[in-house]
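By convention in this document, chain letters (A, B, ...) are assigned in the order of the sequence lines, proteins followed by strands, and residues within each chain are numbered from 1. Just so it is clear, the structure is predicted and the values come from calculations on it, not from any experiment. Values below: every heavy atom of this structure, side chains too, minus hydrogens, waters and symmetry copies.
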Amino acid sequence: MTRLKVVFAGPHVTLQDRGRPGMLRFGVPASGPMDRAAFAIATRAAESASAIEVSLGGLALQALDGAVSLALAGGGFIAEHGGKGGSWQVLTLQEGETLRLRPGFWGAWTYVAVAGRVLAPDWLGAQATHGPSGLGGGRLTTGQVLEVQAPRLLPDAILPCPVFARPRRVFRAVAGPQDRFFAAADLKTFFSARFVVSTAIDRMGLRLQGPALVPVGALSIPSEPLLRGSVQVNGEGGTTVLMADHQTTGGYPKIATILDADLDALARVRPGDGVHFQRVDAAQALQIERAERIRADRG
Amino acid sequence: MTPHLRPVAGHALLVEYAEAISDLAHAAVLDLDAALRAHPFDGLVETVPAFVNLLITFDPLRTDPEAIARHLSTLPIQAQSRAGQAHEVAITYDGPDLAEVAARTGLTPPKVAALHAAATYKVCLYGFAPGYAYLGGLPPALRLDRKTAPLRDVPAGSVIIAGGQCLITTLTMPTGWWIIGHSPVKVLTGDARRPFLFAVGDTVRFAP
C-alpha cells in the first residue's frame, strides 16, 4: 500500500474506468473516459483498469510513502517531474516527489494511470465517475489522499502518441435523427460552416458557437433517447454535442449524430478551436465504425 | 403500429411509432422492448425505451440496420400485461413554485396539492439523469409548459411537474420544471441488488 496526495486538482478531474454501458434505460449514461483512445494507452502501459482523467484545470500528485509508477497519455499536456516533459510517458514518483500536470499546446484531457489499484468507490458496478453527481470513483479534490494497493514499479519510457490520438478539426456525422425539423439550407450550413468551441465544455457536452440553426415546429417533440455524439439544437438555435456524461433523453431536435469513431478526437478540442462537420451517410458510417472498432481492438 | 426506422450514426437505430405522445405509441414501444429482451438479435448492445420511440444500439462488427429491420419484422410481439408494483411516496407540498403554479392554473395552492395527490401516476420511462423516472398521469388541470429558463441547483428530492408529467429529482441539477414539493423517497436506492426504486409500468401515488 502506498498513498498519493492530491496536492492540487482543478475542476472536472475524476477517476474513470471503461464506464458502465447498458444502463441508459435508467437514465444512466456510460460515463468513462472522454478520450477513450488515450485512456486505453495509459491503462495498458500501467496494467490498470482505471485512470485519473485530468481536465484543463490540471493536477498535482505527491507520493507520500513508498514509490509508485504512473503512465501518462492524452493531449499535449506539460508534465513537471524534476524537469519538464510531455504527457506521453511512464515515470516513477519516489516517496516525497510530486508530478504536476498542466495544459500545453493541445488537448483538453489527459490520463494518469497508476501502476496499482486505486481504492475508490464503485457505483452500479463501475468506478467511472458520473461528473454531474460525483457518483462512482469520484471527483478528485485538493488535499485528498488516494490509497494505492499493490503499487508496482515500471521502467521509465516514452509512450508514442499515435495518429489516432492526435487533434483533429473535422468530424464525421450522419444527419438526423430529427433533421426533418430543419430547413435544407440550415442542414447544409451545419455541414459546411465553421463552429467555434465555447468555454462551456465539460463531461456532459460541448456547446458550440456558430450560425443559428433554427428548428421548425419542433419545440414540442416528446423527450427521446440521446447518445454520446448527438447534436442537439435548442429553440434559440444553440448547438450542443453530447459527450460521456450526457443526459439520456431530451426534447430538442437532433440535427445530426457524430460518429462514435470521431468522438475521442472531438473530446480533444479546446475553447476557441474551430471545427467542421463532414456529412457521411448511414452506410458509410457503418463501414467507418467497423474499421474503428477493429483498430481499437488491436490497440 | 408500423414503426419508422431511422439510422443514428453508425451504431444505432431509432424505432419511432408516432410523432406525438400517446398511450398507444408508448405501449408499442414497451411491447417491442420486451420482445427484444426476450428475443435479442446477435450484436444487440442496448435498448432504450422512451415515450414514442425505442433506441437500439448495436455492435457494427456483428450486425447492421438491414439485418436488424429483418429481425424486427419477424419478432413475435405480444401486448405486455403491465400490472406493475404500486408505490406510495411521501410528499410535502412546500415547493417554491407552488403559488405560481396555483396562479397560472387558476387554483389555490391547497387545491393544487389536493389534485396532485389524488392522481395515480404511471412510471413511463427513466430519462435525463440517473433515476429520473418520468411519471405520466398528471391531472390536466395542472398541465403547464416548462419555464422559459431553467433554475439552477434544484435540490435532490424535489417533486417537479411540467407538461403531463411529474418527476422526483435524484440529484442537484438545473430544471425548467415547476417545483411543487419535496419527498424523502430515494429513487436511487443505494442498494446494489435493486438500485432503482421503480420499474417502468409501476404505479405511484403521493401521500401528503
Side-chain angles (χ1 to χ4, degrees), chain A residues 21-30 122-125 130 132-135 172-174 176-180 219-230 235 245 247-251 254 256-263 280-290 292-294 297, chain B residues 4-14 16 18-22 25-26 33 45-57 59-61 63-66 124-134 145-146 148 156 163 165 170-174 187-188 190 192 195-196 198 200:
Chain A
M23 309 211 83
L24 289 174
R25 63 170 52 241
F26 296 109
V28 180
D122 71 35
W123 178 55
L124 302 175
H130 174 253
S133 65
L135 291 167
R172 295 162 295 185
V174 176
Q178 281 91 38
D179 47 316
R180 64 191 182 282
L219 289 178
S220 58
I221 67 171
S223 276
E224 57 165 53
L226 297 172
L227 283 175
R228 187 169 177 155
S230 294
D245 289 339
Q247 58 269 41
T248 61
T249 59
K254 272 67 73 189
T257 310
I258 316 277
L259 298 203
D260 194 63
D262 286 0
L263 290 178
V280 296
D281 65 26
Q284 291 168 314
L286 186 71
Q287 296 311 320
I288 293 166
E289 290 303 344
R290 286 179 170 163
E292 165 60 17
R293 282 165 204 236
I294 291 166
D297 278 353
Chain B
H4 197 101
L5 306 188
R6 302 182 196 281
V8 184
H11 68 300
L13 194 62
L14 189 67
E16 190 160 275
E19 297 262 342
I21 292 182
S22 71
H26 189 231
D33 185 44
V45 173
E46 185 167 11
T47 58
V48 193
F51 290 109
V52 298
N53 41 34
L54 182 79
L55 183 74
I56 299 172
T57 59
D59 178 350
L61 289 177
T63 189
D64 59 59
E66 267 176 50
C124 293
L125 59 102
Y126 282 99
F128 186 64
Y132 274 50
Y134 284 64
D145 287 340
R146 62 184 63 189
T148 47
Q165 272 104 43
T170 59
L171 307 172
T172 299
M173 292 276 268
V187 184
L188 292 180
F196 304 94
F198 306 134
V200 168

Engineer: What's the verdict on salt bridge (Lys or Arg N to Asp or Glu O under 4.0 Å) for A:Arg180 and B:Glu16, showing C-alpha distance, side-chain angles and the deciding distance?
Structural biologist: CA-CA 14 Å; A:Arg180 64 191 182 282; B:Glu16 190 160 275; 3.0 Å; yes

Engineer: Which atoms of A:Leu24 come close to chain B, meaning under 4.5 Å heavy atom to heavy atom: side chain ones, backbone ones, both, or neither?
Structural biologist: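 Both parts, backbone and side chain.
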
Engineer: Measure distances from B:Thr170 to the heavy atoms of chain A and classify the residue's part below 4.5 Å as side chain, backbone, both or neither.
Structural biologist: neither

Engineer: Please look at B:Ser22 and chain A and tell me whether the side chain, the backbone, both or neither of the residue comes under 4.5 angstrom of a heavy atom of that chain.
Structural biologist: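 Looking at B:Ser22, nothing touches chain A.
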
Engineer: Which bit of B:Ile21 comes within less than 4.5 Å of chain A, counting heavy atoms only: side chain, backbone, both or neither?
Structural biologist: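 Both parts, backbone and side chain.
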
Engineer: Could you report the tightest heavy-atom contact between A:Leu259 and B:Gly10, atom names first, then the distance?
Structural biologist: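 Heavy-atom minimum between the residues: CD2-N, 4.3 Å.
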
Engineer: Distance from B:Asp64 atom CG to A:Glu289 atom CD, nearest 0.5 Å?
Structural biologist: 13.5 Å

Engineer: Does B:Glu46 use its side chain to pair, donor to acceptor, with the backbone of A:Met23 at less than 3.5 Å?
Structural biologist: yes

Engineer: Under 4.5 Å from any heavy atom of chain A, what part of B:Phe128 do you find: side chain, backbone, both or neither?
Structural biologist: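 For B:Phe128, heavy atoms of backbone and side chain both lie under 4.5 Å from chain A.
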
Engineer: So which part of B:Val48 gets closer than 4.5 Å to some heavy atom of chain A, the side chain, the backbone, both or neither?
Structural biologist: both

Engineer: Taking all atoms of both residues into account, what is the closest heavy-atom pair of B:Ala9 and A:Ile258, and its distance?
Structural biologist: CB-O, 4.1 Å

Engineer: Tell me, side chain or backbone of B:Asp33 under 4.5 Å from chain A's heavy atoms, or both, or neither?
Structural biologist: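 Answer is side chain: those atoms of B:Asp33 sit under 4.5 Å from chain A.
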
Engineer: Against chain B, label A:Ile288 side chain, backbone, both or neither, depending on which of its atoms sit under 4.5 Å from a heavy atom there.
Structural biologist: neither

Engineer: Would you mind checking which part of B:Ala156 comes under 4.5 Å of any heavy atom in chain A, side chain (CB onward), backbone (N, CA, C, O), both or neither?
Structural biologist: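 No part of B:Ala156 comes within 4.5 Å of chain A.
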
Engineer: Quick check: closest heavy atoms across A:Ser223 and B:Ala50, and the distance to 0.1 Å?
Structural biologist: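 Looking at all heavy atoms of both residues, the closest pair is O-CB, 3.8 Å.
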
Engineer: Can you tell me which portion of B:Leu171 sits under 4.5 Å from chain A's heavy atoms? Options are side chain, backbone, both or neither.
Structural biologist: side chain

Engineer: Go through the atoms of B:Tyr134 and report whether side chain, backbone, both or neither lie under 4.5 Å from a heavy atom of chain A.
Structural biologist: side chain

Engineer: Under 4.5 Å, counting heavy-atom pairs only, tell me which of A:Val28, A:Leu226, A:Asp281, A:Thr249 racks up the most with chain B.
Structural biologist: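 Of the options given, most contacts go to A:Thr249.
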
